[in-house]
Amino acid sequence: AQSVTQLDSQVPVFEEAPVELRCNYSSSVSVYLFWYVQYPNQGLQLLLKYLSGSTLVKGINGFEAEFNKSQTSFHLRKPSVHISDTAEYFCAVSYTGNQFYFGTGTSLTVIP
Amino acid sequence: DAGITQSPRHKVTETGTPVTLRCHQTENHRYMYWYRQDPGHGLRLIHYSYGVKDTDKGEVSDGYSVSRSKTEDFLLTLESATSSQTSVYFCAISGDNYEQYFGPGTRLTVT
């Protein structure tokens, strides 16, 4: 079965510090990769996606992610976090563009 | 924001009763999905639809059925609700760009 692993369930970080949220997926075949953010009591919102082309993908709110095929990873980064970035972050993979598999989520807490 | 609504937003029901959740979209997207979100499990796909009357099972489909008689509506039915189906249910849609857009969620409690 296809799977997505988010290695950290909780990540606390001080405001204005950099952060990396890790994501690995199970297969090295052609994939589409996504990061979503979920604020409390809301649905998920797309942060960024990788479909093809450049392995460094830039998204909204200053986030970026790098696709590494050899390591089957798609880690999310931000150079300087804000209080408003406190949320749950989900990595997702699709092999067909029609079905999506989600990780268990990483709770990012930004400490003032 | 993508035009997706879910109803009801909150529901409390008793074990053994049928429950239907509705997802409505105004984007005319082909694909519609039902997920459940539980702590420690992330989002898990229940069923999805790739067109009117075309549906398929996801990884946690047992105890759930779906119907899609119109492009804009995707219904999720729990034929006989159980406590294990207490969860937050999200509907999502996607088009040709592989992006999913999520509804606001329905919080279902089965007592």
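Quick note on labels: first sequence line is chain A, next is B, and so on, each numbered from 1.
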Query raised in the report: So B/Tyr48 and B/Tyr50, would you call those rings parallel, tilted or perpendicular, with 30° and 60° as cut-offs?
Result: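 Judged by the thresholds at 30° and 60°, the geometry between B/Tyr48 and B/Tyr50 is tilted.
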Query raised in the report: For chain A, which of B/Cys91, B/Gly42, B/Pro39 has the most heavy-atom pairs under 4.5 Å?
Result: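 Greatest number of close heavy-atom pairs with chain A: B/Gly42.
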Please state whether the side chain, the backbone, both or neither of [X] comes within less than 4.5 Å of a heavy atom of chain A.
X        : result
B/Leu45  : side chain
B/Gln37  : side chain
B/Arg107 : side chain

Query raised in the report: Salt bridge or not for A/Lys58 and A/Glu64, using N-O below 4.0 Å?
Result: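 Looking at A/Glu64 together with A/Lys58, the answer is yes, because their closest N to O distance falls below 4.0 Å.
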Query raised in the report: Among A/Phe100, A/Phe102, A/Tyr36, which residue forms the greatest number of heavy-atom pairs with chain B at distances under 4.5 Å?
Result: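 Most heavy-atom pairs within the cutoff with chain B belong to A/Phe100.
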Requested in this report: Find the distance between CG (A/Leu46) and OG (B/Ser94) and round it off to the nearest 0.5 Å.
Outcome: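 Reported value, rounded in 0.5 Å steps: 11.5 Å.
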**Report entry** Nearest-0.5 Å distance, CD of residue A/Glu16 to CD1 of residue A/Ile111
**Finding:**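 Taking CD in A/Glu16 and CD1 in A/Ile111, the distance rounds to 13.5 Å.
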Query raised in the report: Heavy-atom distance under 4.5 Å to chain B: side chain of A/Gln45, backbone, both or neither?
Result: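 For A/Gln45, neither part sits under 4.5 Å from chain B.
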If you look only at distance, which donor and acceptor atoms sit under 3.5 Å apart when one is on a side chain in residues 48-57 of chain A and the other is two or more places apart or in another chain?
from, atom 1, to, atom 2, distance (Å)
A/Lys49, NZ, B/Asn97, O, 3.4
A/Lys49, NZ, B/Glu99, OE2, 2.6
A/Ser54, OG, A/Leu56, N, 3.4
A/Ser54, OG, A/Leu56, O, 3.3

